[in-house]
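Here is the structure we will look at.
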Amino acid sequence: MDAVILCAGKGTRLLPLTENRPKPMLPVGGKPILEYIIEKVENLVDNIYLVVKYKKDVIIDYFRDHPKVKFVEQGDIDGTGYALLSARNFLGDEFLVINGDIVFEDRLKEILLHENAMGLVEVENPKEFGVVVLDRESNIVEIEEKPENPKSNLINGGIYKFQSDILDILEDLEPSERGEVELTDAIKELIRERKIKGIKLKGYWNDIGRPWDLLDSNRHILKGIKREIKGEIGENVIIEGNVVVEEDAVIRHNTVIEGPAVIKSGAVVGPLTYIRPYTVLMEDTFVGNSSEIKNSIIMRGTKIPHLSYIGDSIIGENCNFGCNTITANLRFDNKPVKVNIKGRVVESVRKLGVIMGDNVKTGIQVSFMPGVKVGSNSWIGPNLLVDKDVKSNTFIYKIDEKKVKRL
Amino acid sequence: MDAVILCAGKGTRLLPLTENRPKPMLPVGGKPILEYIIEKVENLVDNIYLVVKYKKDVIIDYFRDHPKVKFVEQGDIDGTGYALLSARNFLGDEFLVINGDIVFEDRLKEILLHENAMGLVEVENPKEFGVVVLDRESNIVEIEEKPENPKSNLINGGIYKFQSDILDILEDLEPSERGEVELTDAIKELIRERKIKGIKLKGYWNDIGRPWDLLDSNRHILKGIKREIKGEIGENVIIEGNVVVEEDAVIRHNTVIEGPAVIKSGAVVGPLTYIRPYTVLMEDTFVGNSSEIKNSIIMRGTKIPHLSYIGDSIIGENCNFGCNTITANLRFDNKPVKVNIKGRVVESVRKLGVIMGDNVKTGIQVSFMPGVKVGSNSWIGPNLLVDKDVKSNTFIYKIDEKKVKRL
Amino acid sequence: MDAVILCAGKGTRLLPLTENRPKPMLPVGGKPILEYIIEKVENLVDNIYLVVKYKKDVIIDYFRDHPKVKFVEQGDIDGTGYALLSARNFLGDEFLVINGDIVFEDRLKEILLHENAMGLVEVENPKEFGVVVLDRESNIVEIEEKPENPKSNLINGGIYKFQSDILDILEDLEPSERGEVELTDAIKELIRERKIKGIKLKGYWNDIGRPWDLLDSNRHILKGIKREIKGEIGENVIIEGNVVVEEDAVIRHNTVIEGPAVIKSGAVVGPLTYIRPYTVLMEDTFVGNSSEIKNSIIMRGTKIPHLSYIGDSIIGENCNFGCNTITANLRFDNKPVKVNIKGRVVESVRKLGVIMGDNVKTGIQVSFMPGVKVGSNSWIGPNLLVDKDVKSNTFIYKIDEKKVKRL
């Protein structure tokens, strides 16, 4: 049996994090989301077909040496259904299908027992998802997308087991008005003819739609890591809890690290630095003197040299932070931080810092208000208080009027 | 014999510190001023009558379990004389009377030897006090309130021994134009009939009138503490000098503390934090990474999590400081810091930071100029330079004009 | 034989560093430039004549006890030639002449072998110097000042061996239009009559003309120091590499120092401070909590107490930095930092911080842009972004407009 992982989407709600990489390549716990999925299925299937399109090279470069992974490019039509259909020539009688943007704990044992099955997740507020209704034997009888009045708390978990007849249905489907062929439309037809078992997925599950989902999944992954200290550790360094310091990482003197945390190869931390729980420092990052990082993902090559505080934030690759770059992560009124997602202001979580793309440079003494987003390649002028989103490729700065007196 | 401690006053000159507590409950050296007075008299008297009124519950809640302490509420008339009169029904033939807002070192032995006596303090500049003139036998012959041309350097120290006839005089006094019955007015009558001994008080004495008096008395108390380290102490922590770390306090790794200093129960300090002499961190405070506190009183529950400097300051309860909150405590011209006290700008001391009420929240990268006061429950917006007093329940902020260029 | 060192010039291009001292007294590696020259010649000559004029007392006070050093004051006429002529009465048949503003490695052995000789330096871009052309026997045939089209890559290194006849030539020279008598004009005459050997100087050579030359020479000197730790060293202090901590210097707890660096007598560093390579802290300086200094010269008596970052900078004497004073040292566009030198904006080096005179005070949270200069005795108001040069004796500040809301 084979698996198909759907990795072609753009992840617009995760901009600017997805400006230079597709959503499945966003890192949680030190690795791309997609890598966890592949690790889950690689011992269960013969081939893993990754359906790619947006920024496909990032995926191909990363997984090209995996012996079971093959790449299939999605054609001109969008949608999860057409994504699966793109792989049809390679697929046998039955196969596993998994969305490439979910982080989940279930080990897929149960879903594989059935001819047709869908992984389900019980949630408190199902309105934003595909809501599923089961009969007494746990077969799916109805799927409704983002219903105003959900008929159950069970939602589509983005993990499926199918027989090849789903492909026949997909082939016959007309694209929607938005020009998409959706997998759930095919499933709605399939349940008229076949039984599709609804399987409640075990443990953690998250669909990475918005930046704070990424931090949530990062915390989940870090809760499961084991302590493993391999890099070069300076004097008077304290490392508490489950911390991974990879080979070729350097922790300089008098630094304090509280796990769970992951410090990847080539990263340099310290001296006199404070790393707090749920931090991931990706490869070749640098966090220096008197800086503090908490519950954040700092992507490859980013430098935070001195006197900075980054909390509840996601920072892209190769950013360079001026001395004393500070993030705020909490509102005075303690309400959820507001974030602009696709032009709409939505409430996120109580603590959220900055969401930053790649190659951003900040001047000295820059402040970020909770939940602001900064697009890639932008420059933030010194002493600036960033209280609104900054577009990509933008230089934003201020000029204070000064007064001068002779002494 | 009993003691009466006058604790009913409001302490207007100490606002905003007295917004939520009466002056005698302001902490120095980790305990309320009043507690030191009670400790002084509790082995000398049978009963301790606390005359309360303004924010009386704070006093009652704190001392209710003391076996000798009783509470008496001052009636509608103000003034120290009426305060004492409020306790008349409980008092015997002779009694000690002490102002509840003084910090003093004298052990009260000598004052108790006389029938009627007043503790006196020799000061350099007596103009702001009640100036006392003695005869050759050290009996008081004259008391003059805030005289333009003081006849001596001796002032009324706020500590008295009386016979019950002072109460009769007080009863006959008419309230002043300000509606107050003052104890000194009764004493002026008493000296016509009786000898009142003037006793020079030994050692330190301070009448807590203005915020910097509190810091002065705090230093005095801390000079007398003994080293006692009981809490949880992390690795590479250096504690120098006479420092009290109470049980259930936590000093985290790589922190440096220079005594004298007091860290109360439930307080957390560090990691990588610097506590300097004459600092008191009250219960459940938190001072974290790269922060530095010097010569300051930080009241219960206040959080100073990262990259902040607080010097020569008094901070109320349950404040929350954004990252990189910085106090200035020195003028460029090295002159005394100016402070607004009851609408009048007065010179304080050469080094003074911020005077802050309770429940204040500061944004990130906030700066306080020397001697500014911030009322309770206020919010200080990020990046703000606070150069004027901020009223209670106020949100103060700025909006910088930004310039934007495409790169 | 004697030596003459020319120390009379003002060093205008090095302002404000030369406001209170002549250029030869600028410190590199912890000592004045001039001291290195004197150390080089003191075992080679009988007398060392320092020709002084601008701020001569600084030189005289420093070297007055040196047994071989004598002081000669340059008269009303300017120029290196007239400087040498000012010493004529003391000089014998032959003598060494050295500019007082060069840092060099050559041990002067070879230049002393010849009757007349000039030290030469091979440079990539000779246009800004005195370019020298040699014949086949290495005798000088031509000297051209700042030529548009240099005829060689060899420049005048400011080190000469002469016979007394140079003084006769100098005596006959008329001052130029600028009112100066230049030594090179005399040399141009001398080469018609005598052979002047051109000697390529060995190793490092730098003519200290602009502030960044000082940092360059400072790095050169520090590369040659040997580790020698003599002061008082606190607990958990890490000192890596070739660091000199002089007697009576204090390194407080949990501090990290990376050499090469020099910490002079009376300096205090720490606690929790980070000193990086190529830093010199002169006598009685203080760098405290969470501060970081890198590739900088901090002159005598300057205080940098907390949460500051000074990089690639030169700071004068007795400055006082408010908490959180931060220098930027790199442009967003990675181009050379621009510096105003004598009214002209010139490109310096890729990393350059602030160039500051003496007795400057900065408020809290001040930011300096790369390459700005601050004149002596000036005050920089709190929260200010200094993006232009600040004149001496100036108070520069800003007043933010604030908005106030009732909560």
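Naming convention: chains lettered A, B, ... in sequence-line order (proteins, then strands); numbering from 1 in each chain.
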Inset, instruction - For chain B, find which of Ile326(A), Leu272(A), Ile396(A) contributes the most heavy-atom pairs closer than 4.5 angstrom. - result: Ile326(A)

Inset, instruction - Of all the heavy-atom pairs spanning Ala328(A) and Ile364(B), show the shortest one and how long it is. - result: N-CD1, 3.7 Å

Legend entry - Glu240(A) vs Arg252(B) side-chain heavy atoms within contact, under 4.5 Å: yes

Inset, instruction - To the nearest 0.5 Å, tell me how far Asn383(B) CG sits from Asp387(A) CG. - result: 9.5 Å

Legend entry - Value rounded to 0.5 Å, distance of CD in Gln365(B) from CD in Gln365(A): 5.5 Å

Inset, instruction - Measure across Gly381(B) and Phe332(A) and return the closest heavy-atom pair with its distance rounded to 0.1 Å. - result: CA-CE1, 4.1 Å

Inset, instruction - Take Lys402(B) and Lys388(A) through the test side chain to side chain contact (heavy atoms under 4.5 Å, CB included) and record every step on the way to the result. - result: CA-CA 11 Å; Lys402(B) 291 175 198 84; Lys388(A) 291 206 175 62; 5.6 Å; no

Legend entry - Tyr274(A) OH to Asn254(B) CG distance, which is reported to the nearest 0.5 Å: 11.0 Å

Legend entry - Heavy-atom neighbours of Lys403(A) NZ exceed 12 at 6.0 Å: no

Inset, instruction - Count the heavy atoms of every other residue, nucleotide or ligand shown that sit under 6.0 Å from CZ of Arg344(B), and state whether that count exceeds 12. - result: no

Inset, instruction - Check whether Asn377(A) gets within reach of chain B through its side chain, its backbone, both or neither, counting any heavy atom under 4.5 Å. - result: backbone

Inset, instruction - Could you tell me which residues satisfy salt bridge (charged side-chain N to carboxylate O under 4.0 Å, His left out) with Glu228(B), sequence neighbours excluded, listed by chain and number? - result: Lys230(B)

Legend entry - Heavy-atom side-chain proximity of Lys361(B) to Asn334(A) below 4.5 angstrom: yes

Inset, instruction - Specify which of Glu292(A), Lys398(A), Met369(A) makes the most heavy-atom pairs with chain B at under 4.5 Å. - result: Glu292(A)

Inset, instruction - Can you measure from NZ (Lys405(B)) to OG (Ser378(A)) and round to the nearest 0.5 angstrom? - result: 14.0 Å

Legend entry - Option that, when pairs with chain A are counted at under 4.5 Å, heavy atom only, ranks first among Gly270(B), Ser290(B), Gly288(B), Pro305(B): Ser290(B)

Inset, instruction - Count the heavy atoms of every other residue, nucleotide or ligand shown that sit under 6.0 Å from NZ of Lys303(A), and state whether that count exceeds 12. - result: yes

Inset, instruction - Look at Leu384(A), Asn324(A), Thr255(A) and state which one has the largest set of heavy-atom pairs under 4.5 Å with chain B. - result: Asn324(A)

Inset, instruction - Report yes if the side chains of Asp333(A) and Trp379(B) come closer than 4.5 Å at any heavy-atom pair, otherwise no. - result: yes

Inset, instruction - Rounded to the nearest 0.5 Å, what's the gap from CG on Leu307(B) to OG on Ser308(A)? Could you check? - result: 8.0 Å

Legend entry - Side-chain donor or acceptor of Asn393(A) paired with backbone N/O of Leu407(B) under 3.5 Å: no

Inset, instruction - Tell me, for Asn329(A) versus chain B, whether the close heavy atoms (under 4.5 Å) come from the side chain, the backbone, both or neither. - result: neither

Inset, instruction - Decide if atom NZ of Lys338(B) counts as having more than 12 heavy atoms of other residues, nucleotides or ligands within a radius under 6.0 Å. - result: no

Legend entry - Proximity breakdown for Leu385(A) and chain B, heavy-atom pairs closer than 4.5 Å: both

